[in-house]
Amino acid sequence: MGQLIPPCLSRAFFDRPVLDVAPDLLGSVLVHGDVAVRLTEVEAYDGANDLASHAYRGPTRRNAVMFGPPGHAYVYFTYGMHFCVNLVCGEEGRAAAVLLRAGEVVTGVEQARVRRPAGPDRDLARGPARLTKALDVDRALDGADVCDPGSPLRVLAGEPVAPERVRSGPRIGISAAADRPWRWWIDGDPTVSAYRPHTPRRRRADNR
DNA sequence: TTCGAGATCGGCT
DNA sequence: GCCGATCTCGAAG
């Protein structure tokens, strides 16, 4: 009791250029239910200006949230089995967003272990799909307002990260515009995913 | 430790 | 139909 609960990040925080918001998100805390994750790795996607963005080809039913106001979660399903979560940034209609790639489980480690039994604790939210698994985030949370203290999914201010510990480099797992250094992480943090260059998958019919 | 392929399905062409 | 903002496991070095 008397325990200090940090405030949610403000709408104004997200209503800025995505390249400014992304590094500033490092160290803040994503909360869903009893589990909280301190963000250690993020990537920026700049809407219609970004070949690698889901919003590049314009609004669809899936990416509709990206074209809405900042401070909302865009949750999508991929590879037939994984969810990933983004936070919408910048002016409404720009469709810029930050992909949350990895973090450290700071609250609810027990609960997260139940959801991801395999591997050490540092891997619980290491990678965008693991992060959503640890937090139990799925499409039901698509569009959630992360600035609203009453929202099931929200982002709280965290301990500031020393600027010299923030590093940037190429984004991961994409084939288009892979050269842009739009990925940021906390240097030396064990929960940051290892960099692997994009490797196109070969078609199943190849072997035979 | 590194590498390669399978899993599995919704969205878009 | 094709391919993906991924993860995991098994085999080989």
Side-chain angles (χ1 to χ4, degrees), chain A residues 18-19 21-23 25-26 30 37 39-67 72-90 94-105 112-143 146 153 168-185 190-208:
Chain A
V18 65
L19 299 187
V21 175
L25 273 171
L26 294 174
L30 181 67
V37 168
L39 301 176
T40 58
E41 183 183 3
V42 299
E43 281 180 4
Y45 288 85
D46 194 14
N49 303 309
D50 185 356
L51 206 57
S53 169
H54 284 179
Y56 181 66
R57 297 174 193 284
T60 64
R61 188 131 65 104
R62 174 170 72 151
N63 66 22
V65 171
M66 292 184 82
F67 288 84
H72 291 252
Y74 164 50
V75 181
Y76 68 92
F77 182 67
T78 190
Y79 287 99
M81 63 195 94
H82 297 306
F83 294 101
C84 296
V85 62
N86 297 250
L87 302 177
V88 178
C89 298
R94 186 182 181 95
V98 176
L99 170 68
L100 308 183
R101 285 200 57 88
E104 173 193 6
V105 177
R113 282 199 200 110
V114 171
R115 293 167 182 158
R116 299 203 67 260
D121 284 355
R122 73 171 49 162
D123 285 353
L124 285 172
R126 190 188 199 203
R130 293 168 174 172
L131 186 146
T132 56
K133 185 73 175 179
L135 282 165
D136 193 28
V137 167
D138 62 22
R139 279 285 281 287
L141 293 168
D142 188 38
V146 299
L153 182 70
S168 70
R171 293 178 291 185
I172 294 181
I174 58 174
S175 49
D179 54 310
R180 303 188 183 187
W182 286 1
R183 167 180 169 247
W184 289 266
W185 67 93
T191 64
V192 173
S193 60
Y195 173 65
R196 280 207 301 274
H198 176 75
T199 54
R201 293 176 312 138
R202 303 179 62 167
R203 314 179 41 199
R204 213 178 321 188
D206 277 1
N207 72 6
R208 192 202 42 95

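No experiment lies behind these values; they were computed from the predicted model shown. By convention in this document, chain letters (A, B, ...) are assigned in the order of the sequence lines, proteins followed by strands, and residues within each chain are numbered from 1.
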Legend entry - Side-chain N,O (A/Arg139) to OP1/OP2 (B/dG11) below 4.0 Å: yes
Legend entry - Interatomic distance where CD1 belongs to A/Ile174 and P belongs to C/dT6 [whole Å]: 9 Å
Legend entry - Any residue meeting salt bridge (charged side-chain N to carboxylate O under 4.0 Å, His left out) with A/Asp138, in chain and number order, not counting sequence neighbours: none
Legend entry - Interatomic distance, A/Leu99 CG vs C/dG4 P [rounded to whole Å]: 16 Å
Inset, instruction - In whole angstrom, give me the gap between the P atoms of C/dC3 and B/dA5. - result: 16 Å
Inset, instruction - Could you list the residues that satisfy salt bridge (charged side-chain N to carboxylate O under 4.0 Å, His left out) with A/Arg57, not counting sequence neighbours? - result: none
Legend entry - salt bridge (Lys or Arg N to Asp or Glu O under 4.0 Å) partners of residues 114-124 of chain A, not counting sequence neighbours, each pair once: A/Arg113-A/Asp121, A/Asp123-A/Arg126
Legend entry - Minimum-distance nucleotide (side-chain atoms of A/Ala129 versus C/dC7, B/dA7, B/dG10): C/dC7
Legend entry - d(OH, A/Tyr74; P, C/dA5) in whole Å: 9 Å
Inset, instruction - May I ask you to decide if A/Ser193's main-chain N or O and A/Glu41's side chain share a donor-acceptor pair within less than 3.5 Å? - result: yes
Inset, instruction - Could you summarise the pairing of DNA chain C as dot-bracket text, marking Watson-Crick and G-U pairs under 3.5 Å with ( ) or [ ] inside the strand and | across strands? - result: ||||.|||||||.
Inset, instruction - Quickly work out the A/Arg171 CZ to C/dG4 C1' distance and round it to whole Å. - result: 15 Å
Inset, instruction - Measure from NE2 on A/His82 to C1' on B/dG10 and round the result to the nearest Å. - result: 14 Å
Inset, instruction - Return the residues of residues 52-64 of chain A meeting this criterion: a heavy atom under 4.0 Å from some atom of DNA chain B. Order them by number, or give none. - result: A/Arg57, A/Thr60, A/Arg62
Legend entry - Under 5.5 Å and under 30°: A/Tyr79 stacked on C/dG4: yes
Legend entry - Spacing between A/Arg116 atom CZ and C/dC7 atom C1', to the nearest angstrom: 8 Å
Legend entry - Partner set under side chain to side chain contact (heavy atoms under 4.5 Å, CB included) for A/Asp50, not counting sequence neighbours: A/Tyr45, A/Asp46, A/Ala52, A/Ser53, A/Arg171, A/Ala177, A/Arg180, A/Trp182
Inset, instruction - Answer whether the closest heavy-atom distance between the side chains of A/Val37 and A/Leu100 falls below 4.5 Å. - result: no
Inset, instruction - Could you say whether the aromatic ring of A/Tyr76 and the base of C/dA5 stack, counting only centre distances under 5.5 Å and plane angles under 30°? - result: no
Legend entry - ring pair (Phe, Tyr, Trp, His ring centres under 6.0 Å) against A/Tyr56, all qualifying residues, sequence neighbours excluded: none
Inset, instruction - Would you please name every residue forming a salt bridge (charged side-chain N to carboxylate O under 4.0 Å, His left out) with A/Asp142, sequence neighbours left out? - result: none
Inset, instruction - Please state how far atom CD1 in A/Ile172 lies from atom P in C/dA5, giving the value in whole angstrom units. - result: 13 Å
Inset, instruction - Report the residues that fulfil ring pair (Phe, Tyr, Trp, His ring centres under 6.0 Å) with A/Phe67, sequence neighbours left out, ordered by chain and then residue number. - result: none
Inset, instruction - Return the value, rounded to whole Å, for the distance between atom CH2 of A/Trp184 and atom P of C/dA5. - result: 18 Å
